[in-house]
Amino acid sequence: MTPELEDPIAEPFRIEVVETDDISRLDLFGELDLATAPKLRERLDEIESKEPAVIAVNFQGLSFMDSSGLREILRVHERRRDSGGRFAVVGGSEPVDRLLEMTGLDKVLDLVASPDELSSGS
Amino acid sequence: MKVTGSRGTGEALAVGLRRIRGGAAELARTIGRDRRHEQRQALLVDATQVLDASLDLTTTLQNVAQLAIPVLGELCVIDLVQPDGSITKVATAASDNTVAEALEDVRARSPVDPEGNHPVARVVRSGHSELLPELTDEMLEHEIAQSAEHLQFVRRVRYTSALVVPLRARGRILGACTVLHLRGEAQHDSEDLEVLEQLGRRAAVALDNARLHEEVRATERAQRFLAEATGYLAESLEYQQTLERVASLAVPDLADWCAVDLIEHGELRRLAIAHVDPSKRELGWELYRRYPPSPDAPHGPYQVIRTGEPELISELPDGFIDTVAQDAEHLEILKGLGICSAMVVPLGAGKKTLGAITFVIADSDRRFGSRDLDLALELGRRAATSVENARLTTERTRIAHTLQQSLLPSRLPKIPGCELIAAHRASGEMNEVGGDFYDAFEVGDRWSVVIGDVCGKGAEAAAMTGLARHTIRAAALDGRAPVEVLEILNEAILREGSDEQFCTVCYMTVEVNDDSLELRISRAGHPAPMALRSDGTVELLDSNPGMLLGVFDSPSLTEVGASVEPGEALIIYTDGMTDVSRGEKTLGEAGLAEILAACSGDSAAAICACLGRGVLKAGVEPRDDIALVVLRATEGLQGGFSGFADLTADAPVDDRAPASG
């Protein structure tokens, strides 16, 4: 259903922020690892400070993610839980889906299959 | 007496005679003048030849001085202006060699004061020639003599007349050329001046060219030296060796001696002494041992390190050695070395001064100048950076190694009927401790084998691995089942770890039965163990993946059983292994399973080597640390050993020898 997004050359990590209504969605591309995770944290902190109703991280464009990425996801997951906001992740990238499954986070995170499924209010 | 004839005739005769005599003298004078004129022209022709002949500075100037004798005088002196403004005599020529030598002596001790009234100083300042056809004693005393000794000399040889012309090229006054008549031989005139001025102009151009040429050569030499030195500095982290090489590089081109001192444990230690002559080098070390530099000395390495400022002593003043020598014997030895010029620069990186480099010229005409100092300073900077890097890296690596060693088990238990091999490979950065851990220990009649991965690197992650291993051991030894062990670990991490810390773990108990190994496995968010079956297939010991530990209060965890038949093997690993990139893709679980399937399962060591080769193909750099544990049931469940191995791309095939037992 979701397209295989594997680039012929390792794509540099980048974040595209899409803000609609109360939803701030961060579309991630490339590889999320020890080197690039700090960038994600920076943007997440930025977005968080604006206190949108929903923060979503979209993994569809990621070709790789490891525990450093998980750390950022868990961090924002917990902060949002404490502050009462919603945090969701959009799956659909094979390596990320596998990682979420292996770590059991697919059962814990608010995981949706596509950005369309995000909507204001849980 | 009355001569017959008229008085007029006698007079006329006298007048006539006078006229003839006068005419003769006049004629003689005319002829003389003409000859001198020819001689001068010849001089200028010779000058052209001489000046074109050599580009060597000293030779050129000596030749010019020689040219002026004897046509223009009996003594010729060429003075040059030094970069620091002082005036130095660089060439002397005289019809009488003893005069030349005597002047050398005198001038060495009584140099011309550039601010004073000496004609050379005046000419250098004004840029105008001076014709002094008659040197009075007053002039000798008040203008020319620079000291009593000098006055004595100029009186003794009887300075009679002088010509002083500037040496000017490209608008700059490089020095002056002086020609003197001695012993009342003759007096200079304006024609002489003209000739000398011409000679001076040509000489100045030649001098300028020679200097430019030398500057270019010196710059090239300096660049080459710096490049080579930097090359050495970058090559090795062994800075002792490197500094020795750099010091030897400096001799003999830059200096005759070079010494490098470093501050170690608050004290200055000489790391290197260089001299082209090994016996001199030995002498240098002897001197250092017997008379180490004094911390209070106003000059030298300690002073330079204290102030961070370099020292340049272009020309060692008289008596300097006396202030430096620590005793009479030291003084003797130092004097014997013939040191004439010295530089000490800080070995400095940024604000820190790590030591000093000393350069010395001995028994030579060379002197250190500002350009040499610049080069030396640059060398000091680059060397310091290199030492700093080497030290930091060495220290960090040492700490990391030590830490890592203490966090991983130093011994593995022997499980009867089993081969147990553990391997750990830190990723590229040698000085960051990773978060991978593994352990294997006896619990009653069973064994526990575990592998885990704490998120992150560095001290925090390292501390967490320690916590994890010990918590697991304690819980296991307490008789807890696998799921409980992990739950206890989860609580410990939530309690002790920072908010952001979590880890994945795969824990199993191993029971050795008569005909197989029985395992109970529980994993928390960790990659699944893989079994290499007798038929060569790879089975994923899947089941509930569980959940990361240290994040949630009640992670859902389960336990699954598995068995390993004799000849079969099981591997557990950390995700550094599967995260290895393969071009644009990562190896992944499926990729690893493929590699494992292709391994011959003859021994745990062979499997380990096979995986190493397969995963770490040439050019592939893992993103993260890799840990691997291989457990193999021996045929007939006999014997067995345990040990550590390396994971390398070029492990030999069928390596049965364990690295350590």
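So you know, we letter chains A, B, ... as the sequences are listed, proteins then strands, and number each from 1.
When the candidates A/Ala35, A/Ala37, A/Ser68, A/Gly104 are compared by the number of heavy-atom contacts under 4.5 Å with chain B, A/Gly104 comes out ahead. Ranked by heavy-atom pairs shorter than 4.5 Å toward chain A, the options B/Pro555, B/Ala528, B/Gly546 are led by B/Gly546. The most heavy-atom pairs under 4.5 Å with chain B, out of A/Arg98, A/Met102, A/Glu101, come from A/Met102.
Residues B/Asp624 and A/Asp33 have side chains not in contact (no heavy-atom distance under 4.5 Å, counting atoms from C-beta outward). Using a 4.5 Å heavy-atom cutoff, the side chains of B/Met547 and A/Val108 are in contact.
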(message) As a quick check of understanding, evaluate side-chain contact (heavy atoms from CB on, under 4.5 Å) for A/His77 and B/Val551, giving each step before the final call.
(response) CA-CA 10 Å; A/His77 170 89; B/Val551 181; 5.9 Å; no

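Among all heavy-atom pairs drawn from A/Ser67 and B/Cys455, the shortest one is O-SG, 3.8 Å. Annotation for A/Arg71 and B/Phe502: closest pair CA-CE2, 3.4 Å, computed over non-hydrogen atoms. When all heavy atoms of A/Lys107 and B/Pro545 are compared, the closest pair comes out as NZ-CG, 4.5 Å.
Within 6.0 Å of CG in B/Leu494 there are more than 12 heavy atoms belonging to other residues, nucleotides or ligands. Residue B/Glu539 qualifies as enclosed at atom CD: its count of foreign heavy atoms under 6.0 Å is above 12. Enclosure of atom CD in A/Glu16 by more than 12 non-hydrogen atoms of other residues, nucleotides or ligands within 6.0 angstrom is indicated. The 12-atom threshold is exceeded at CD of A/Glu117, counting heavy atoms of other residues, nucleotides or ligands nearer than 6.0 Å.
Using a 4.5 Å cut-off between heavy atoms, A/Glu72 makes no contact with chain B at all. Only the side chain of B/Asn544 comes within contact range of chain A, judged by heavy atoms closer than 4.5 Å. There is no contact between A/Leu99 and chain B, counting heavy-atom distances below 4.5 Å.
Atom CG of B/Leu548 sits about 4.5 Å away from atom OG1 of A/Thr103, to the nearest 0.5 Å.
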